[in-house]
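Chain naming here is simple, since letters A, B, ... match the order of the sequence lines and numbering starts at 1 in each. Given the structure is predicted, the values throughout are model-derived calculations rather than measurements.
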Amino acid sequence: VTTFEAELLTLLPKLRRFARALTRDPADADDVCQTAIERALNARASWQDGTRLDAWMYRIVRNCWIDETRSRGRAAARFAPEHAGLDVPGDGPMQVESAVTGRDIDRATAVEGLAYRDAAEILEVPMGTLTSRLGRGRQALMAMLEPGQ
Amino acid sequence: MIEPQTISAYVDGELDAAAVDAVEGAMASDGTVGAAVERERSLRARLSACFDPVAEEPVPERLRALLEPASNVVSLLEARERRAARWGWPQGMAIAASLAIGLVLGQTAFSGGATGIATRDGIAIASGEIESALETQLASTQPSDASVRIGVSFRDGEGAACRSFTTASAAGLACKSGEDWRIAALQQAGGAPRGDYRQAGSGEAAILAQAQAMMAGEPLDAAAERSARDKGWPLKR
């Protein structure tokens, strides 16, 4: 086994968690992981040794998911149909939230627990953009999770 | 007044020491700041509870298989196996075989030599001379001028009997599947001209490498080859 594959192997649990938060669906998450691994193996020449493999892989997972949602059409991309495990009220006012906020929520949950700098690198946005999107996503999430407030 | 983004950054541990002091000072004097910090913390805890367990789950085999070789030894053969595994065995080999067959047939490589590749339901199978050699000929007793020569016989990972063969113009690998010998790989033989004397060329070498990649255990010896032949090449676990 090359170091590259061995490192990818140890990253798999984290990648699956990232993909699950991004897609909110266990089957979608593993499918997107599989596509991303295949893409990474084919593109390994473009990974620069010494840079962070996890950030590079997260980006690939995210790009695969963007491609997937695009191919499913914009309606599906707008909002994950079910927020599995999140106990989101079924027909609360936030269900008609705009597509922009929906994507912000996806981003916020996916990069949860990562340092801002890493998250900005993965989402390919400047730090300032990251923190404002993260803030919007979290505010929307909190409103969904605590409808009383 | 503390900005919501600053509270977020505080909970995320992204503030420098001075800014942390400012937030904590505000928390001490302003209950709403403390409540905002608490909301942020509980959101993170909730998200962690949702998604962190995913990282504790066993990774599905289909994902591991993309990255894990069959054993820990590094070799070219394993790299080949893994590439085949990515397609899913035996589809990978079938695709490779049909490409190779297309090339070989396209160049009428069989025109002067042994005939014997057919297709059934889109799958390439041995027929004619190649089929009968695969079914009956023993490597240990075959005549030196046989038009189809049998090379190595072995079992693949599924327990199917597989045999390599060479003709004047091609080298191949076939595995018994039901009544058929399915062609798992086919190469034009080495580029060497047809003749009495022929060195193993790159075609045969590639077939042998593929045979080794597919092989489970050791090749069949003369006695095992004979015994399997006499029983009609049954599946064996």
Least distance between heavy atoms, B:Ala55 atom then A:Pro13 atom
O-CB, 3.2 Å
List the steps, then state whether side chain to side chain contact (heavy atoms under 4.5 Å, CB included) holds for A:Arg16 with B:Phe51.
CA-CA 9 Å; A:Arg16 293 184 71 235; B:Phe51 298 114; over 6 Å; no
Using non-hydrogen atoms and a 4.5 Å limit, figure out which bit of B:Glu57 sits close to chain A: side chain, backbone, both or neither.
both
SB check A:Asp31 B:Arg62 (cutoff 4.0 Å)
yes
Check each atom of A:Ala115 against the heavy atoms of chain B and say whether the ones under 4.5 Å are side chain, backbone, both or neither.
both
Distance-minimising heavy-atom pair for A:Ser132 and B:Gln5:
CA-NE2, 3.4 Å
Closest heavy-atom contact between A:Arg17 and B:Leu47?
NH2-O, 4.4 Å
Nearest-0.5 Å distance, CD1 of residue A:Ile37 to CG of residue B:Leu63
5.0 Å
Please tabulate, for the side chains in residues 170-178 of chain B, all donor-acceptor contacts under 3.5 angstrom to protein atoms that are two or more places apart in sequence or on a different chain.
from: B:Lys176; atom 1: NZ; to: B:Glu135; atom 2: OE1; distance (Å): 3.0
from: B:Lys176; atom 1: NZ; to: B:Glu135; atom 2: OE2; distance (Å): 3.3

For the atom pair CG (A:Leu9) and CZ (B:Arg64), what is the distance rounded to the nearest 0.5 Å?
5.0 Å
Looking at CZ of A:Arg20 and SG of B:Cys50, how far apart are the two atoms once the value is rounded to the nearest 0.5 Å?
10.0 Å
Given heavy-atom pairs under 4.5 angstrom as the criterion, report whether the side chain, backbone, both or neither of B:Pro58 touches chain A.
backbone
Segment of B:Leu43 engaging chain A (4.5 angstrom heavy-atom cut-off):
side chain
In this structure, CZ of A:Arg138 is separated from CD of B:Glu40 (nearest 0.5 Å) by 6.0 Å
Quick one: NZ on A:Lys14 to CG on B:Asp52, what's the gap to the nearest 0.5 Å?
11.5 Å
What residues of residues 7-29 of chain B make heavy-atom contacts with chain A at a cutoff under 4.5 angstrom?
B:Ser8, B:Ala9, B:Asp12, B:Glu14
Looking at every heavy atom in both B:Leu66 and A:Leu41, which two are closest together, and how far apart are they?
O-CD1, 3.7 Å
Has A:Arg117 got more than 12 heavy atoms of other residues, nucleotides or ligands less than 6.0 Å from its CZ?
no
